[in-house]
Amino acid sequence: MNATYTVKLNPYDKNKLSALITIDSTEAVRFDYTVQGKTANTSFHYGTDQYSVNPEITVVGLYANYLNTITLNLYTENNAVETFLISISTQGQDYEDVPLALTINITDGAMAESTLGQGWFVTSAWNGYDINGDLRITGLFPWMYGNLKIIENALWSALASETWDPDKHAFAPTLYRFNLAGKVAQSYTAPAGYGFHHDITTDGKGNLWVLGSLLDGWSDEQKLECILYKYDIASGALLWQRDYSQEFMGATVLDNTDTNDVHFNSLEYVAETGQLMVNSRSSCTVLGLNSESGEPEWIIDNPAFPVLNSGLNLQVVDADNFSYPNGEHAVFITHNSRYQAWRGANRFVVSLFNNNSCADEQGNELVRTIESDPVTYTAAELDSLPTILAIDLTASTVQRLDQFHFPGQRSELTSSVFDVGNEYYNVYFGAEQSFFVFDTDNNIGVSIYDIDTGLGYRGRIFTYDELRSLI
């Protein structure tokens, strides 16, 4: 075969722990490679069954500040094999203040292996760590609102350096679609004077919805962080947009939010109903929207502080075991098998991060009208609570199924809960900078503390298969 190769570290100037190996060969080949781990269970393997001439091979999972060893195998269609042992140094790169290692605390080995296992824990700053706590991704597309979602085998984020008001709102003029090495395949530009923020979702049928906002000059009539865009993924064309300022006129909101800030902060497609689900942190309202028109079709909203048409509000089942969330984040569909009995036609189950953001010691919301200025308040330091809700749109009801507690853990303004497979969850407390993997009996299998400096937005585990789908 007599192939040769060249290596380029960080080929797209994004992921400092990636490389591009370019093969020079007269024959079509397929390949596989292994980035040798510091322990056997952290080696990173990837390969393809497709044959091509002079392939460019994306390598991810290098260690930081380290002389990495990669075993690369090339195979021809005539079953000839050539193996290369390649050294790639990441020493001398500027990692700024990113921790190169974290302490991973494992209290349940089986839970740890089936969740973090050969996956990586990744934050919205795009720093990713393996089960030993070693950094394996950094510098990708760090953005305050890194959504950590995979759509069409790609990641989607923005560049913090391009955002408007990066220290507070970080509205992004451009959304990028890229792979795990940072190679950009597509970009979306927000309309002039507007920006993207917080979250995205898809129906799996070629449509992408993105949250947007006016950049500046918001008012009683034109509110902040309350726009929804729908794009065609293939062409990048903007299909429609909708502004929800009118729906939130006179709304009661938490006092720890800006004047006229609706603050949509999570967006999800509900496959069971073909609807969208969006959440307003300010008014603590979950909205179900028609995915074609954006029209509200149901809400979960505290009737003591009504928003929108109260006739859309779902009725609570078992009111003694239910409390409305306060400043919630990451309102997503959960597929955890424990709650299968609550799924079906027009029925689905939701996980969310209940921040307990702005309340008194008794849990009463501290509120004002959205058009008024914030007042002086003293919010209680209540623990934040991952929560599971069952929604039945045929009966127009909502019911709390579960709530999980991590004593002393609180995030007022950020954080997330994500499924890990169908049995476990992971929760990220962005203010405390801590992360837990747990089961539905509230048993903790993995914990990480002091993850980063500053306030974090989201964090989750990318599984073995997810990581390979992104190469």
Side-chain angles (χ1 to χ4, degrees), residues 143-145 158 163-173 190-200 209-229 240-267 276-289 294-296 299-310 312-313 324-331 355 357-359 364-379 411-414 455 457:
W143 181 36
M144 181 189 299
Y145 301 127
T163 59
W164 186 87
D165 191 13
D167 294 329
K168 182 173 176 63
H169 293 113
F171 298 141
Y194 293 81
F196 303 121
H197 67 95
H198 279 91
D199 214 355
I200 63 174
W209 289 266
V210 189
L211 296 179
S213 181
L214 183 70
L215 295 182
D216 200 3
W218 52 90
S219 63
D220 290 357
E221 292 72 33
Q222 173 62 73
K223 301 191 185 301
L224 184 67
E225 297 182 291
C226 62
I227 294 173
L228 181 63
Y229 299 112
W240 56 255
Q241 66 185 69
R242 175 153 180 167
D243 187 326
Y244 292 86
S245 293
Q246 291 297 317
E247 281 83 353
F248 285 84
M249 292 291 182
T252 301
V253 297
L254 297 181
D255 190 54
N256 64 348
T257 193
D258 290 334
T259 302
N260 285 312
D261 183 8
V262 172
H263 207 105
F264 285 162
N265 69 3
S266 65
L267 180 64
L276 299 171
M277 184 170 61
V278 68
N279 180 68
S280 164
R281 190 203 78 84
S282 296
S283 67
C284 313
T285 308
V286 182
L287 298 86
L289 307 176
E295 187 69 18
I299 61 175
I300 300 172
D301 189 48
N302 190 338
F305 311 111
V307 175
L308 300 169
N309 178 359
S310 61
L312 300 177
N313 204 5
Y324 285 93
N326 183 299
E328 66 276 7
H329 283 73
V331 183
N355 293 69
S357 178
C358 190
N364 300 308
E365 296 177 349
L366 301 171
V367 298
R368 64 172 213 282
T369 58
I370 194 170
E371 290 83 10
S372 64
D373 292 332
V375 297
T376 302
Y377 72 93
T378 302
S411 286
E412 180 184 344
L413 298 174
T414 65
L455 184 67
Y457 180 53

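What you see is a predicted model; the values in this text were computed from it and never measured.
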task: Let me see the working for Asn326 and Leu254 under side chain to side chain contact (heavy atoms under 4.5 Å, CB included), right down to the final yes or no.
output: CA-CA 8 Å; Asn326 183 299; Leu254 297 181; 3.5 Å; yes
Minimum-distance pair of heavy atoms, taken over all atoms of Pro325 and Glu365: O-OE2, 3.7 Å
task: For side chain to side chain contact (heavy atoms under 4.5 Å, CB included), just list the numbers for Leu287 and Thr285, CA-CA rounded to whole Å, side-chain angles, deciding distance to a tenth of an Å, and then say yes or no.
output: CA-CA 6 Å; Leu287 298 86; Thr285 308; 4.0 Å; yes
- request: First locate atom CG of Asn313, then atom CG of Asp301, and finally report the distance between them rounded to the nearest 0.5 Å.
  value: 5.5 Å
field: Ring centroid separation His197 to Trp164 under 6.0 Å
entry: no
query: Hey, what do you get for CG (Asn256) to CG (Leu413), rounding to the nearest 0.5 Å?
result: 6.0 Å
message: Working to the nearest 0.5 angstrom, can you tell me the gap between Asp243 CG and Leu214 CG?
response: 8.5 Å
query: So how far is it from Leu228 CG to Leu289 CG, rounded to the nearest 0.5 Å?
result: 6.5 Å
field: Pro303 to Tyr324 - nearest heavy-atom pair and separation
entry: CD-OH, 3.4 Å
message: If we ignore hydrogens and angles and just use 3.5 Å, is the side chain of Asn279 paired with the main-chain N or O of Glu328 as donor and acceptor?
response: yes
Lys223 versus Ser245, closest heavy-atom pair with distance: N-OG, 2.9 Å
Pair Tyr244 and Phe264, ring centroids less than 6.0 Å apart: yes
- prompt: Looking only at heavy atoms, which two atoms of Val307 and Thr252 are closest? And how far apart?
  reply: CG2-O, 4.4 Å
- prompt: Could Glu247 and Arg242 be called an ion pair, given the rule that one side-chain N must be under 4.0 Å from one carboxylate O?
  reply: yes
task: Evaluate the criterion side chain to side chain contact (heavy atoms under 4.5 Å, CB included) for residue pair Val331 and Val278; output intermediate values, then yes/no.
output: CA-CA 8 Å; Val331 183; Val278 68; over 6 Å; no
- prompt: Would a 4.5 Å heavy-atom cut-off, applied to side chains only, mark Ser213 and Trp218 as touching?
  reply: no
task: Find the distance between OG1 (Thr257) and NE2 (His263) and round it off to the nearest 0.5 Å.
output: 6.5 Å
message: Using every non-hydrogen atom in the two residues, find where Ala158 and Ala172 come nearest and quote the distance to one decimal.
response: CB-CB, 3.4 Å
- prompt: Can you check whether Gly212's main-chain N or O pairs, donor with acceptor, with Glu225's side chain at less than 3.5 Å?
  reply: no
field: Side chains of Thr259 and Pro374 in contact at under 4.5 Å (non-hydrogen atoms)
entry: yes
message: Does either side chain, that of Asp199 or that of Asn265, offer a donor lying less than 3.5 Å from an acceptor on the other one?
response: no
task: Could you tell me whether Lys168 and Asp258 have a side-chain N and a carboxylate O separated by less than 4.0 Å?
output: yes
query: Atom CG of Leu215 and atom NE2 of His169: how far apart are they, to the nearest 0.5 Å?
result: 10.5 Å
Member of Asp261, Asp255, Asp373 meeting the salt bridge (Lys or Arg N to Asp or Glu O under 4.0 Å) criterion with Arg368: Asp255
message: Can you give me the closest heavy-atom contact between Tyr457 and Tyr145, atom names plus distance?
response: CD2-CA, 3.7 Å
message: Using only atom types and a distance under 3.5 Å, with no angle test, would you say the side chain of Asn355 pairs donor to acceptor with the backbone of Thr414?
response: yes
message: Are Gln241 and Pro191 packed together at the side-chain level, in the sense that at least one heavy-atom pair is separated by less than 4.5 angstrom?
response: yes
message: I'd like to know whether the aromatic ring centres of Phe196 and Phe171 sit less than 6.0 Å apart in this structure.
response: no
task: Walk me through it: do Phe248 and Ser283 pass the test side chain to side chain contact (heavy atoms under 4.5 Å, CB included)?
output: CA-CA 9 Å; Phe248 285 84; Ser283 67; 3.4 Å; yes
query: Ser357 and Arg281: side-chain donor and acceptor closer than 3.5 Å?
result: yes
query: Does Asn260 reach the side chain of Asp220, with side-chain heavy atoms less than 4.5 Å apart?
result: yes
